[in-house]
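See below for the structure under consideration.
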Amino acid sequence: MQRLAFAVAFLAVLVLAAKPSTAQTWPQRAVKFIVTLGPGSGVDIGTRLIADRLSRRWGQPIVVENRPGGDGLVAISAFVGANDDHVLLAAPSGSFTAHPFIYKNLPYKAADIVPIARVSNTIVVTAVPASLEVKSVGELVAMARAQPGTLNWAGTTGSNEFMFAAFLKNAGLSMSKVPYRNLVEAANDLAIGRIQINMTAFAIVRPQLQAGKVKLLAVTNTRRAAVMPDVPTVTEAGYPDLALDGLVGFFGPPTMPERIRESIAADVREAIDPAVEERLNLTGQIPNFGGPADFAADIAQQRARIGGAAKDLGIMPTQ
């Protein structure tokens, strides 16, 4: 009887040993997160906080490398070029989902960027100078309609810029777009009234808001932000065509097995503790975890909406 019990126990040990967990098979060495934005950005801060917790959980070092520039192309090229399942991309999806409508030749394919985990939604706002005599998106639209061609606007390159431009065309509104390479410069010009509308990340205009030089009419997010609960969504304001969530998260290469992506996502979910959520809120983001399937579905929906906006603008995809 004792021999039988021993044999059963021994077989159980062999079965467990034959089924190594993901934690035992990945990561096998140091992991790198390539961030599309610079140090101090909301995406960078969130990535570093989560990376610190994941490093302790995985027992491997994690290097966070900032590769800003080129509307995300610098970082994406480095990520795709690495062709390594220990190199992940940390990025907002809003820029690369619009890439096919902006650039003629892209150094990557959409299939090269595989969603792993959604971390947050960037808070994107419709901001105007404090001196502009409007209190809502509706009043802003009425002013634009009454004064065609007199208002200037700027937006973050990518998805939100496409959505606002398409909105203007479909609404029959005439505004002049002012391009900026540096989004902070746009926020500064907004504060002094050089431009009248800025569709941008809340974190970018927060200093001018705190100084009382700009005001917020709405957020493009599908739900209100906890850091400014009194600011309505564009949908609540009556303009759902402007609604778009800024999706931020982690991506892996197409060679990464689904079970590993699911395991990483589960670890990311554990890493987003109350302290991380608080910091995300403070950096202008709404904590909003999602696994690979949820994240992929959101990005597909975003691509479809941007494609629709591009079609309205008469822009055809370049690939």
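Hydrogens, waters and symmetry mates play no part in the numbers below; they use all other heavy atoms, side chains included.
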Q. Without hydrogens or angle criteria, can the side chains of Gln285 and Asn121 be said to hold a donor-acceptor pair below 3.5 Å?
A. no
Q. Does one hydrophobic cluster hold both Tyr108 and Ile102, with members joined at side-chain heavy-atom distances below 4.5 Å?
A. yes
Q) Going only through I, L, V, M, F, W and Y residues with side-chain contacts under 4.5 Å, is there a path from Val214 to Val134? A) no
Q) Hydrophobic cluster mates of Leu244, side-chain heavy atoms under 4.5 angstrom, ILVMFWY only, any path? A) Met163
(Q) Looking at Arg223, I'd like to know if its CZ atom is crowded, meaning that more than 12 non-hydrogen atoms belonging to other residues, nucleotides or ligands lie closer than 6.0 Å. (A) yes
**Q.** Side-chain heavy atoms of Leu73 within contact of His99, under 4.5 Å
**A.** yes
Q: Indicate yes or no for a side-chain donor-acceptor contact from Asp273 to the backbone of Val276 under 3.5 Å, with no hydrogens or angles considered.
A: yes
Q) Using 4.0 Å as the upper bound for N to carboxylate O, is an ion pair formed by Arg57 and Asp52? A) no
Q) Counting only N and O atoms by type, is there a donor-acceptor contact under 3.5 Å from the side chain of Asn182 to the main-chain atoms of Val184? A) yes
**Q.** Distance in Å, Glu278 CD paired with Thr283 OG1, rounded so as to fall on 0.5 Å steps
**A.** 11.0 Å
Q.
I'd like to know if Glu65 pairs up with Arg67 as an ion pair, taking the criterion as any Lys NZ or Arg NE/NH1/NH2 lying under 4.0 Å from an Asp or Glu carboxylate oxygen.
A. yes
(Q) Keeping Thr220 on the side-chain end and Val125 on the backbone end, is there a donor-acceptor pair under 3.5 Å? (A) no
Q. Between Ile264 and Val119, is there a shared hydrophobic cluster once you connect ILVMFWY residues whose side-chain heavy atoms come closer than 4.5 Å?
A. yes
Q. Would you say Pro129 and Leu190 make side-chain contact, with heavy atoms under 4.5 Å?
A. yes
Q. Can a salt bridge be assigned to the pair Asp44 and Arg48 using a cut-off of 4.0 Å between side-chain N and carboxylate O?
A. yes
Q: Drop me the distance from Leu151's CG to Ile195's CD1, to the nearest 0.5 angstrom.
A: 11.5 Å
Q: Grab the two heavy atoms, one from Thr47 and one from Ala90, that are nearest each other, plus how far apart they are.
A: OG1-CB, 3.4 Å
Q. Any sub-3.5 Å donor-acceptor pair from Arg145's side-chain atoms to Ala171's backbone N or O?
A. yes
Q: Determine the sole option in Phe33, Trp26, Phe79 for which the ring-ring contact (aromatic ring centres under 6.0 Å, His included) test with His86 is passed.
A: Trp26
(Q) Restricting to non-hydrogen atoms, name the atom on Ala218 and the atom on Val137 that form the minimum distance, rounded to 0.1 Å. (A) CB-CG2, 3.8 Å
Q: Drop me the distance from Ile197's CD1 to Asn152's CG, to the nearest 0.5 angstrom.
A: 7.5 Å
Q. Side chains of Thr156 and Val124: closer than 4.5 Å at any heavy-atom pair?
A. no
Q: Mind checking the CD-CG spacing from Gln196 to Asn198? Nearest 0.5 Å is all I need.
A: 11.0 Å
(Q) Could you measure the distance from the CG atom of Leu209 to the CG atom of Leu216? Nearest 0.5 Å is fine. (A) 4.5 Å
Q) Just how far is it from atom CD1 of Ile116 to atom CZ of Phe295, taken to the nearest 0.5 Å? A) 9.5 Å
Q: Apply side chain to side chain contact (heavy atoms under 4.5 Å, CB included) to Val63 and Val31, showing your working.
A: CA-CA 6 Å; Val63 177; Val31 176; over 6 Å; no
Q: Using the rule that two of Ile, Leu, Val, Met, Phe, Trp, Tyr join whenever any of their side-chain heavy atoms come within less than 4.5 Å, decide whether Leu280 and Val227 are in one cluster.
A: no
Q. What pair of heavy atoms forms the shortest contact from Ala91 to Phe251, and how long is it?
A. O-CE1, 3.6 Å
Q | Closest contact, heavy atoms only, Gly149 versus Ser176 | A | O-OG, 4.2 Å
Q) Could you walk me through whether Leu88 and Met256 pass the side chain to side chain contact (heavy atoms under 4.5 Å, CB included) check? A) CA-CA 10 Å; Leu88 308 183; Met256 177 176 280; 3.8 Å; yes
Q: Report yes if the side chains of Asp84 and Arg29 come closer than 4.5 Å at any heavy-atom pair, otherwise no.
A: yes
**Q.** Note, Pro107 side chain near Ser77 side chain (heavy atom, < 4.5 Å)
**A.** yes
Q.
If we ignore hydrogens and angles and just use 3.5 Å, is the side chain of Ser41 paired with the main-chain N or O of Gly38 as donor and acceptor?
A. yes
**Q.** Candidate pair Thr200 and Thr126, rule side chain to side chain contact (heavy atoms under 4.5 Å, CB included), full reasoning
**A.** CA-CA 7 Å; Thr200 190; Thr126 303; over 6 Å; no
**Q.** Donor-acceptor contact present, side-chain Lys213 to main-chain Ser131, <3.5 Å
**A.** no
Q. Quick one: do Val178 and Met143 end up in the same hydrophobic cluster if we chain Ile, Leu, Val, Met, Phe, Trp and Tyr together by side-chain heavy atoms under 4.5 Å apart?
A. no
Between side-chain atoms of residues 300-314 and protein atoms elsewhere (two or more places apart, or another chain), which donor-acceptor pairs fall under 3.5 Å?
| from | atom 1 | to | atom 2 | distance (Å) |
| --- | --- | --- | --- | --- |
| Gln302 | OE1 | Ser93 | OG | 3.0 |
| Gln302 | OE1 | Thr97 | OG1 | 2.9 |
| Gln302 | NE2 | Asp245 | O | 3.1 |
| Arg305 | NH1 | Ala243 | O | 2.1 |
| Arg305 | NH2 | Asp241 | O | 3.2 |
| Asp312 | OD2 | Asn170 | ND2 | 3.1 |

Q: May I ask you to say whether Lys177 pairs ionically with Glu161, meaning some side-chain N is under 4.0 Å from a carboxylate O?
A: yes
Q) Within the distance-only criterion (no hydrogens, no angle test), does the side chain of Lys135 pair as donor or acceptor with the backbone N or O of Leu217 below 3.5 angstrom? A) no
Q. Do Asp294 and Arg118 meet the salt-bridge criterion of a basic N to acidic O distance under 4.0 Å?
A. no
Q) Is a side-chain N or O of Glu236 found less than 3.5 angstrom from the main chain of Thr233, in a donor-acceptor match? A) yes
Q.
We want to know whether Asp267 and Trp58 form a side-chain donor-acceptor pair, criterion being a heavy-atom distance below 3.5 angstrom.
A. yes
Q. Where is the tightest heavy-atom contact between Ala75 and Val35, given as atom of each residue plus distance?
A. CB-O, 3.9 Å
Q: Could you check Thr36 against Val74 for side chain to side chain contact (heavy atoms under 4.5 Å, CB included), going step by step and ending with a plain yes or no?
A: CA-CA 7 Å; Thr36 56; Val74 174; over 6 Å; no
Q | Val234 side chain near Val219 side chain, heavy-atom distance below 4.5 Å | A | no
Q. So, for Ala203 and Pro207, which heavy atoms are closest and what is the spacing to 0.1 Å?
A. O-CD, 3.8 Å
**Q.** Beyond-backbone contact of Phe96 with Ile113, side-chain heavy atoms, under 4.5 angstrom
**A.** yes
Q: Would you mind reporting whether Trp153 and Leu168 have side-chain heavy atoms less than 4.5 Å apart?
A: yes
